[in-house]
Amino acid sequence: MLGLTVDQQADLEVHGGPDKALHHYPADHYAAWRTELGREDLLPGSYGENLSTNGLTEKTVCIGDVFRVGTAEVQVSQGRQPCWKLNAHVGETKLAHLFQKTGRTGWYYRVLLPGEVAAGGSLSLIERLHPDWSVERVTAARLTREVRPEEAAILARLSGMAERWRKAFEKMADGDATEDTRSRLGHS
């Protein structure tokens with residue numbers, strides 16, 4: 001399952017796919033963005049997310065968490081790795097950098113059981129596999145590369161982790177923490 005039937009991603013090389021079928025962005029963050037960016041037009045949905053809720057954030061959701069959303073079951077697979085396309089989409093040249101700096105990235109789900117999802121529907125936690133590995137903690141390790149090799153090795157084996165992130169953590173466990181962050185974030 002690759003996401004919502006009424007949704008599509010433009011660049012399937014780095015967007016979408018089984019590990020990034022749905023993007024969830026906390027509605028809780030929008031008030032801060034409106035204040036920080038001076039933009040009253042920023043509302044849930046502005047960052048291209050498929051789901052937005054109050055009360056769930058990167059601090060309270062963990063990699064591998066399984067949720068029921070509507071009649072579907074989904075699993076948290078990775079945090080969002082923001083890129084320059086977010087800047088272009090919203091018209092803010094530093095937004096991807098700010099997403100990464102603040103840790104307010106949201107997260108992706110893979111679909112375990114297809115079903116129907118509707119606005120205003122329910123979302124409930126079914127299972128928490130890794131209570132020590134919040135989306136905030138794992139995303140910070142992935143994006144900053146500031147992770148001890150032994151932690152990177154654990155993350156590389158974490159069930160539920162997206163395959164691309166698993167491979168990145170394998171490299172970090174082996175001492176390779178390189179990434180072209182500047183071009184991903186839109187810096188020259």
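What you see is a predicted model; the values in this text were computed from it and never measured. Scope of the values below: all heavy atoms of this structure, side chains included, with no hydrogens, waters or symmetry mates.
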Checklist line | M161: which of V76, V138, D19 passes side chain to side chain contact (heavy atoms under 4.5 Å, CB included) | finding: V138
Next item on the list: Might you work through the side-chain contact (heavy atoms from CB on, under 4.5 Å) test for V90 and L42, ending with a clear yes or no?
Entry: CA-CA 9 Å; V90 180; L42 297 175; 3.8 Å; yes
Margin query: Do P26 and R104 make a side-chain contact, defined as non-hydrogen atoms from C-beta onward lying under 4.5 Å apart?
Written below: no
Next item on the list: Using the side-chain contact (heavy atoms from CB on, under 4.5 Å) rule, take W33 and L43 through it: C-alpha gap first, then chi angles, then the decisive distance, then the call.
Entry: CA-CA 9 Å; W33 287 121; L43 302 168; over 6 Å; no
Check: If we ignore angles and hydrogens, is there a donor and acceptor under 3.5 Å between the side chains of H130 and S159?
Finding: yes
Next item on the list: Applying side-chain contact (heavy atoms from CB on, under 4.5 Å), run through F99 and Y47 and close with a yes or a no.
Entry: CA-CA 11 Å; F99 257 52; Y47 297 141; 3.5 Å; yes
Next item on the list: Test E136 against T60 for side-chain contact (heavy atoms from CB on, under 4.5 Å), laying out the working first.
Entry: CA-CA 8 Å; E136 177 184 61; T60 62; over 6 Å; no
Check: Quick one: are E163 and R166 in side-chain contact, heavy atoms under 4.5 Å?
Finding: yes
Next item on the list: Name all residues meeting the salt bridge (charged side-chain N to carboxylate O under 4.0 Å, His left out) criterion together with R39; count only those two or more places apart in sequence or in a different chain, and write none if there are none.
Entry: D41, E92
Next item on the list: Taking side-chain hydrogen bond (donor to acceptor under 3.5 Å, both in side chains) as the test, write out the residues that go with S124, two or more places apart.
Entry: none
Check: Hey, are the side chains of L56 and H24 touching, using non-hydrogen atoms and a 4.5 Å cut-off?
Finding: yes
Margin query: For a 4.5 angstrom cut-off between non-hydrogen side-chain atoms, does V74 reach R110?
Written below: no
